[in-house]
Number of protein chains: 2
Amino acid sequence: MRTDAAKNYNRIVDVARSVVAEHGVDASLRDIARQADVGFATLLRHFPTRDALLEALLRAGFDDLAAQATSADSSQDPALALAGWLREFVTCAARYRGVVELMTSALDDAESALHASCAAMRAAGGGLLARAQEAGAARSDLDATGLFALAGAAAWLHSQPALTEHADALAALITNVIFENQTKAA
Amino acid sequence: MRTDAAKNYNRIVDVARSVVAEHGVDASLRDIARQADVGFATLLRHFPTRDALLEALLRAGFDDLAAQATSADSSQDPALALAGWLREFVTCAARYRGVVELMTSALDDAESALHASCAAMRAAGGGLLARAQEAGAARSDLDATGLFALAGAAAWLHSQPALTEHADALAALITNVIFENQTKAA
DNA sequence: ACCTGAACACCGTTCAAGT
DNA sequence: ACCTGAACACCGTTCAAGT
């Protein structure tokens, strides 16, 4: 990449970060290009689709999540490792409005620019879940997708402006379900 | 209302039902007007805002929810009454994509055409919750908004196409939290 | 009273032309 | 190689004109 192109690329990403922070994942791409002092077609050249631009904003967080899961060695307490991962997941998924929906639909759409990193992240979480299940610290009727769904619901709650009041406590109620050891009969 | 106006009104609502079912709450209003064989400005005349049109689609369900809660007399088991209300809530909120977000933001925005019916519904659910709490059948650290938030998270999960696989079971895990009787110390 | 077309300012996409 | 303006088909809003 030429240095002038790199400069445009970085300026677009910087501006996108602040515009998406304000307007959510549906923010106007044209507006981002304007604020970045770049022709709109130039933005499209660097990021041919909305998902591609959002991927640039979110990839770092996703990679951290995957790394955090795989680096947790067997000496660490499985329940604590999973709990830390969940906290990070919610922070990451609630950063911008609409990210959770983006992630779940990206899992279903192999064409999305976000598919690979989301799938990797789900698999990594699944590994942490399996270890916690073996230790008897997590409910046994969950798989990686179930973990993702519950963590996503918690992140959704956390990302609703009208619910911020007690979002931390309420989201914790949801993630706590994961650690339930179901003993009572159905 | 003149009879020709009433005919237009009904045709718009009918078409909107099917278009919103397909495209979610962000469906194109212009497209709805076209399919209803009505000038776009006519649609705006009947429904000056998107919320006003969606309110026409959703009001019946909301009213049912409020009625269901107030009609539950004291002879009924409080836990069963609340459980039934929650089931209805999720069905209603997951009917179209985006409804849950619409409801939570309407609660925060007194100007929204949906504000009144959503607030009434939340209050009605709060009444059922209070009775269940008195009977010791629901956790005591929840209020009407907390109930709404958890039910909303369950409905969110239910409305994600990528999660339909086990949506019923996972959403039930979330709503079950409401009936937990927290006994262990913090 | 109620309906409607036209004008407007936006959006995302595409493409031919510029350095 | 990389950038850009212009044309296009959409969107929601407003308003002056029709019956």
Side-chain angles (χ1 to χ4, degrees), chain A residues 1-57 96-99 101-102 105-106 109 111-114, chain B residues 1-57 96-99 101-102 105-106 109 111-114:
Chain A
M1 183 143 54
R2 268 175 17 187
T3 66
D4 57 338
K7 224 168 70 176
N8 279 339
Y9 181 98
N10 290 326
R11 204 167 45 233
I12 291 170
V13 171
D14 283 345
V15 171
R17 226 179 284 278
S18 83
V19 174
V20 171
E22 189 179 351
H23 297 287
V25 298
D26 293 325
S28 158
L29 300 181
R30 222 176 181 114
D31 191 33
I32 292 172
R34 258 192 304 263
Q35 291 195 37
D37 271 315
V38 158
F40 181 47
T42 303
L43 184 146
L44 270 303
R45 152 171 277 277
H46 283 289
F47 306 101
T49 167
R50 179 182 294 274
D51 279 6
L53 175 56
L54 293 170
E55 200 250 359
L57 300 186
Y96 309 109
R97 250 173 306 146
V99 174
E101 289 80 0
L102 203 69
S105 75
D109 173 18
E111 304 302 310
S112 164
L114 288 152
Chain B
M1 181 143 54
R2 270 176 14 190
T3 65
D4 56 338
K7 224 169 71 175
N8 279 339
Y9 181 97
N10 290 326
R11 203 167 46 233
I12 290 169
V13 171
D14 282 347
V15 170
R17 226 179 283 278
S18 83
V19 174
V20 170
E22 188 179 352
H23 297 289
V25 297
D26 293 324
S28 158
L29 301 181
R30 222 176 181 115
D31 191 31
I32 293 172
R34 258 192 304 263
Q35 290 195 38
D37 271 315
V38 158
F40 181 46
T42 303
L43 184 146
L44 270 303
R45 152 172 275 277
H46 284 288
F47 306 100
T49 166
R50 179 183 295 274
D51 278 7
L53 176 55
L54 293 170
E55 199 249 358
L57 299 187
Y96 309 109
R97 249 174 305 148
V99 174
E101 290 80 0
L102 203 69
S105 75
D109 173 19
E111 304 301 310
S112 164
L114 289 152

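Per chain, numbering begins at 1; letters A, B, ... match sequence-line order.
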**Study point:** Verdict with reasoning, A:Ile32 to A:Val38, per side-chain contact (heavy atoms from CB on, under 4.5 Å)
**Key:** CA-CA 9 Å; A:Ile32 292 172; A:Val38 158; over 6 Å; no

**Study point:** Test log, rule side-chain contact (heavy atoms from CB on, under 4.5 Å), inputs A:Asn8 and A:His46
**Key:** CA-CA 9 Å; A:Asn8 279 339; A:His46 283 289; 4.0 Å; yes

Review point. Can you check whether B:His46 has a side-chain N or O nearer than 4.0 Å to OP1 or OP2 of C:dC3?
Key: yes

Point to revise | Euclidean distance, atom NZ of residue B:Lys7 to atom P of C:dC3 [Å, nearest integer] | key: 11 Å

Point to revise | Secondary structure of DNA chain D in dot-bracket form (Watson-Crick or G-U wobble, distances below 3.5 Å, | marking inter-strand pairs) | key: ||.|||||...|||||.||

Exercise for review: For residues A:Val13 and A:Phe47, determine if any side-chain heavy atom of one lies less than 4.5 Å from a side-chain heavy atom of the other.
Suggested key: yes

Exercise for review: List the protein contact pattern of nucleotides 4-19 of chain C with one symbol per nucleotide (5' to 3'): B for base contact, S for sugar-phosphate-only contact, - for none; contact means a heavy-atom distance under 4.0 Å.
Suggested key: BB-----BBB-B----

Exercise for review: Return the residues of residues 14-24 of chain B meeting this criterion: a heavy atom under 4.0 Å from some atom of DNA chain D. Order them by number, or give none.
Suggested key: none

Practice item. Starting from the C-alpha separation in whole Å, work towards a yes-or-no answer on side-chain contact (heavy atoms from CB on, under 4.5 Å) for A:Val19 and A:Gln35. Key: CA-CA 9 Å; A:Val19 174; A:Gln35 291 195 37; 3.8 Å; yes

Practice item. Write down the atom of B:Tyr9, the atom of B:Ala56, and the distance for their closest heavy-atom approach. Key: OH-CB, 4.1 Å

Review point. Does the side chain of B:Arg50 come within less than 4.5 Å of B:Leu54's, by heavy atoms?
Key: yes

Check your understanding: If we only count heavy atoms from C-beta on, is the B:Asp51 to B:Leu102 side-chain gap below 4.5 Å?
Key -> yes

Exercise for review: Evaluate the criterion side-chain contact (heavy atoms from CB on, under 4.5 Å) for residue pair B:Leu53 and B:Ile12; output intermediate values, then yes/no.
Suggested key: CA-CA 9 Å; B:Leu53 176 55; B:Ile12 290 169; 4.2 Å; yes

Practice item. Can you see which heavy atom on B:Arg17 is nearest to which on B:Leu57, and at what distance? Key: NH1-O, 3.8 Å

Exercise for review: Specify the closest pair of heavy atoms between A:Ser112 and A:Ala106, including all atoms of both residues, with the distance to one decimal.
Suggested key: OG-CB, 3.7 Å

